[in-house]
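One structure is given here, and the rest of the page talks about it.
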Number of protein chains: 2
Amino acid sequence: MSHHKIEYEDLMHRHGLRVTPQRLTILDAVCDVGGHATLGAIYRTAKLADPAISRSTIYRTLEVFCEIGLVTSAEIGEDGKVYEIVEAHPHHHLVCQVCGEIQQIPDEIMQPTFDRIKQAFGFDVETSHLVLSGTCRNCRGSISCE
Amino acid sequence: MSHHKIEYEDLMHRHGLRVTPQRLTILDAVCDVGGHATLGAIYRTAKLADPAISRSTIYRTLEVFCEIGLVTSAEIGEDGKVYEIVEAHPHHHLVCQVCGEIQQIPDEIMQPTFDRIKQAFGFDVETSHLVLSGTCRNCRGSISCE
DNA sequence: GTTTATGCAAAGGTTTTGCAAGTGG
DNA sequence: CCACTTGCAAAACCTTTGCATAAAC
């Protein structure tokens, strides 16, 4: 998770930000938690690496990371805001309302629709991180899931 | 806004809920506020009709309305959760990040994509109220918008 | 050295909860 | 009447903010 550390540091420098141990810790934490990291989860994970880290630092740092495009945030269901490292390939998420499983889908699958919206309404969709809820394959088949 | 009052009352009854003045007031308020009603706006509007109504009642009532499918909620931008009466025709929203304008689009435009997701991933999308952000026609053309 | 970032603690705001009183069916 | 709802007040929760200290550059 750290092969790209240099890139990240570069990105911060280019934005006039300082590279602090806390910021690297938080970045690692977002990676470690994986796909949909709530602030609480990031805080807990970062706390393992640096027990002295403070909650406000997490808030401020995530805000800064979002601003420079290192991280995106999205609102998913009931858990409040979640954070995710921005990857090369934009993608979206399917959240199963029955079992809670989350899977990713490539952005390409949405593009035809986004194109159609652009044609019909002149609206340029920039949603980088869409969350679709519904029922996944497993839960759709079996009733024993509920 | 009250031609369907009977239907709403029926729906509540069918769910074993009681029809109280407060609930009707809140339902009216959600209608009056229109498309994207924040809790605060609903509270303020309901307060006009019934100055004694309490905030917790708004919270609890909206939660109940969501459960029985009378109302949907969605997270839009920075304003937190917004509520909306469930209408016959499902639709989604385009939120312009520049001017903040919100427009509705019919659900049909999304269906091809939802179908494709179902085919490819076996995932049955049930999102009734999607929020797409981007740039609207006006703001895309002119820079003078900001 | 300067400027920026951090940690702490306190403030701010929103949402939830327990309970007695009130009300719909 | 009984069960469900309400309003109130307090609690719980999450997020933001001010400021002195510490660290990056």
Length of the line joining [X]:[atom1] and [N]:[atom2], which is rounded to integer Å:
X	N	atom1	atom2	answer
A/Ile58	C/dC8	CD1	P	12 Å
A/Met12	C/dT4	CE	C1'	14 Å
B/Tyr43	D/dT6	OH	C1'	13 Å
B/Leu62	C/dT16	CG	C1'	14 Å
B/Glu9	C/dG25	CD	C1'	12 Å
A/Ile53	C/dC8	CD1	P	11 Å
A/Tyr59	C/dG13	OH	C1'	12 Å
B/Arg55	C/dT17	CZ	P	17 Å

message: With a cut-off of less than 4.0 Å, is there a side-chain N or O of A/Thr20 near OP1 or OP2 of D/dA24?
response: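 No, because none of the side-chain N or O atoms of A/Thr20 sits under 4.0 Å from OP1 or OP2 of D/dA24.
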field: B/Gln22 side-chain N/O to C/dT23 phosphate OP1/OP2 under 4.0 Å
entry: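 For B/Gln22, the contact criterion (side-chain N or O under 4.0 Å from OP1 or OP2 of C/dT23) is not met.
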Compare the minimum distances between each of [options] and the side chain of [X], then state the nucleotide with the smallest one.
X	options	answer
A/Ser56	D/dG7, C/dG7, D/dA24	C/dG7
A/Thr61	C/dG7, D/dC8, C/dT6	C/dT6
A/Leu39	C/dC8, D/dT6, D/dT15	D/dT15
A/His13	D/dC25, D/dG7, C/dG7	D/dC25

task: Taking the side chain as every heavy atom from C-beta outward, state whether A/Val30 and A/Leu62 have any pair of such atoms under 4.5 Å apart.
output: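 Yes, side chains in contact.
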query: Taking the nucleotide of DNA chain C with the closest heavy atom to each, which residue, A/Arg23 or B/Arg18, is nearer the 5' end?
result: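 Of the two residues, A/Arg23 wins.
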Whether B/Arg55 side chain and B/Tyr43 backbone form a donor-acceptor pair below 3.5 Å: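 It does not hold such a pair.
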- prompt: Got a donor-acceptor contact below 3.5 angstrom from the B/Lys47 side chain to the B/Pro51 backbone?
  reply: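 Yes, because the side chain of B/Lys47 sits within donor-acceptor range (under 3.5 Å) of the backbone of B/Pro51.
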message: Please determine whether residues A/Phe114 and B/Ile105 belong to a single hydrophobic cluster, defined as Ile, Leu, Val, Met, Phe, Trp and Tyr linked transitively by side-chain heavy-atom distances below 4.5 Å.
response: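 As far as the 4.5 Å side-chain criterion goes, B/Ile105 and A/Phe114 are connected within one cluster.
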- prompt: Taking atom types as modelled and ignoring hydrogens, do the side chains of B/Asp107 and B/Gln111 form a donor-acceptor contact shorter than 3.5 angstrom?
  reply: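 A donor-acceptor contact under 3.5 Å links the two side chains.
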